[in-house]
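Here the structure is laid out as structure tokens; the discussion comes afterwards.
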Amino acid sequence: MFPMTRIPHYLQLVLFKAYAELRAEATRAYLGFLWWFLEPVLYMGVFYLIFEIGFRSGGEDFVPFLMCGMVAWKWFGSTVSASAGSLGKNAGLIQQVYLPKIVLPLVTVVSNTVKSSVIMLLLLVLLVVPFGKSPTATWLFIPVLLVMEFLLIAGAAVLVASLVPFAQDLRLLLDNALMMLFFMSGIFFDINKMPDTARQVLGFNPMAVVIDAYRSVLLRDTLPETSGLLIVLAAAALSMAAGAAILARFDRVYPKIINR
Amino acid sequence: MSVPVPGQPVLTMSNVGVCFSRRRGLFDQQKIWAVRDVSLDVRHGETLGVIGRNGVGKSTVLRVMAGIINPDSGVLKNYGGYSVSLLALQVGFLSYLTGRENIFLSGMLLGMGRAEISGKLDEIVAFSELDEVIDYPVKTYSLGMKARLGFAISFHADPDVLLIDEVLGVGDAQFRAKSTTAMRGKILSNRTAVLVSHNLEMIGEMCDRVVWLENGTTRALGATDDVLREYVRQVKGRAAPVPAG
């Protein structure tokens, strides 16, 4: 391990590297950082077109319901998927200098969080303007949910990043696992309206809990249940502990096994 | 960190071995020992040379010293938390960022704090001779300009023990002369350094002691003149023309 006194340095490094990667990404595209705004607009626009104008089948309030789920998921899904390659992408780096490997997935988490904050804000605006929701006191609970989802994402990202270098095959597996989780998180349906057994099973899926909590706060004007949120925190803590332990245990082995 | 005493060990390696495994099939793994049994010590203020033919594990030994990889057998001991790092050029460069931004990114990856980099910024820019180009994206740089910037950053990183793999200077003839002179000055000062090179003249001039690696093991370790004499004799013997049969 590295001395504890170096922690502030590595935290600073996480933030600066995330900033640098975001800047590089913004400079690379023709429209620059406008894309962080445009991409979610297009993403949500597709659902708006399909369900509100096209099918008109979702019923009252289906689009806001769907958007809450999609936005919360996108932050999770895109970050976890990107962090799987965070060590491999930096193979050249970790073969030249020593870095605590946990730095690399955390950079991915921070940069994706910045990008996702745009779509979050957009969601709130859209709920108010075209869908006529008025902000209520329960909206004040949003920061708590954001922090909880952030912790969950960080834990999952670190765990995934710690495992993928051992077998690149895991990456293929991960994409399918994420897709399964996507369909099990109640993005298209309301887990509260499922049969009891299904609801109990889905209640252990932290992303289903998070998404339902957003909806409860934003759409139903009620606070989420504490028991569900404890499951989210437990999942976040467990995955972070496991991932951090694996990354620390093989800290000076990854540079040898990583494939460029 | 303890107070450095010249001649006292900073790092020691005892019977260090490093093996890489190559996967040939689902259950078939081949183990290759790049380093088998290397023992050496690095002392305060000295320059230790590392010589040996291609593929004897010189670079792997440096990577173990730098703490990048763990040895699979044997022990690396650091006497007091000294920072040890490779002279790594252009580490983490992002080509869409400006030279100035890359100084911060690369410098932090090399272990420097942000404040430390800010303090050395003017010096680094001046050394790289990039002037106002420093605020252009690195992707607009020529190879030589990038090399100059990379060198200027690494040169100012100043770890307690500096590990150098072959490269002393970079760039065009003029910058190469300047960077080599600067690096020589740094190594010949009281800095603790380990220098891997095939250039025996340079090893002879700059190193206090030399370790000779062969087949992943320590073949000899001692005063520069003694080890070099032995090495040259052996290499010449091997290269002697075989009479045509």
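The chains referred to below are lettered A, B, ... by the order of the sequence lines, with proteins before strands, and numbering in each begins at 1. Just so it is clear, the structure is predicted and the values come from calculations on it, not from any experiment. Computed over heavy atoms, backbone and side chain alike; hydrogens, waters and symmetry mates excluded.
With a 4.5 Å cut-off on side-chain heavy atoms, B:Ile69 and A:Val253 do not count as touching. The shortest distance between side-chain heavy atoms of B:Leu109 and A:Leu13 falls below 4.5 Å.
Every residue was checked against the side chain to side chain donor-acceptor pair (under 3.5 Å) condition with A:Ser239, not counting sequence neighbours, and none meets it. With sequence neighbours left out, A:Glu149 forms a side chain to side chain donor-acceptor pair (under 3.5 Å) with A:Tyr214.
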Kindly provide each donor-acceptor pair between chain A and chain B shorter than 3.5 Å, listing atom names and distance.
{"residue": "A:Arg6", "atom": "NH2", "partner": "B:Gly111", "partner atom": "O", "Å": "3.0"}
{"residue": "A:His9", "atom": "NE2", "partner": "B:Met108", "partner atom": "O", "Å": "3.1"}
{"residue": "A:Arg23", "atom": "NH1", "partner": "B:Glu101", "partner atom": "OE2", "Å": "2.8"}
{"residue": "A:Arg252", "atom": "O", "partner": "B:Asn70", "partner atom": "N", "Å": "2.9"}
{"residue": "A:Arg252", "atom": "NH1", "partner": "B:Gly67", "partner atom": "O", "Å": "2.4"}
{"residue": "A:Lys256", "atom": "NZ", "partner": "B:Cys19", "partner atom": "O", "Å": "3.0"}
{"residue": "A:Lys256", "atom": "NZ", "partner": "B:Asp72", "partner atom": "OD1", "Å": "3.2"}
{"residue": "A:Lys256", "atom": "NZ", "partner": "B:Asp72", "partner atom": "OD2", "Å": "2.6"}

>> Let's go through B:Leu110 and A:Val97 carefully: what are the C-alpha distance in whole Å and the side-chain angles of both, what is the deciding distance for side-chain contact (heavy atoms from CB on, under 4.5 Å) to 0.1 Å, and is it a yes or a no?
In response: CA-CA 7 Å; B:Leu110 290 169; A:Val97 292; 3.7 Å; yes
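At a 4.5 Å heavy-atom cutoff, the contact between B:Leu89 and chain A is made by backbone atoms alone. In this structure, chain A has a heavy atom under 4.5 Å from the side chain of B:Val18, while its backbone stays farther away.
In the displayed structure, B:Leu143 atom CG is contacted under 6.0 Å by at most 12 heavy atoms of other residues, nucleotides or ligands. For CZ of A:Phe16, the number of neighbouring non-hydrogen atoms (other residues, nucleotides, ligands) closer than 6.0 Å is greater than 12.
Atom CD1 of B:Ile68 sits about 9.5 Å away from atom CD1 of A:Ile94, to the nearest 0.5 Å.
Applying the ring pair (Phe, Tyr, Trp, His ring centres under 6.0 Å) test to pairs two or more places apart or on separate chains, those with a residue in residues 234-253 of chain A are A:Phe166-A:Phe250.
Shortest non-hydrogen contact noted between A:Ala24 and B:Leu97 is N-CD2, 3.8 Å.
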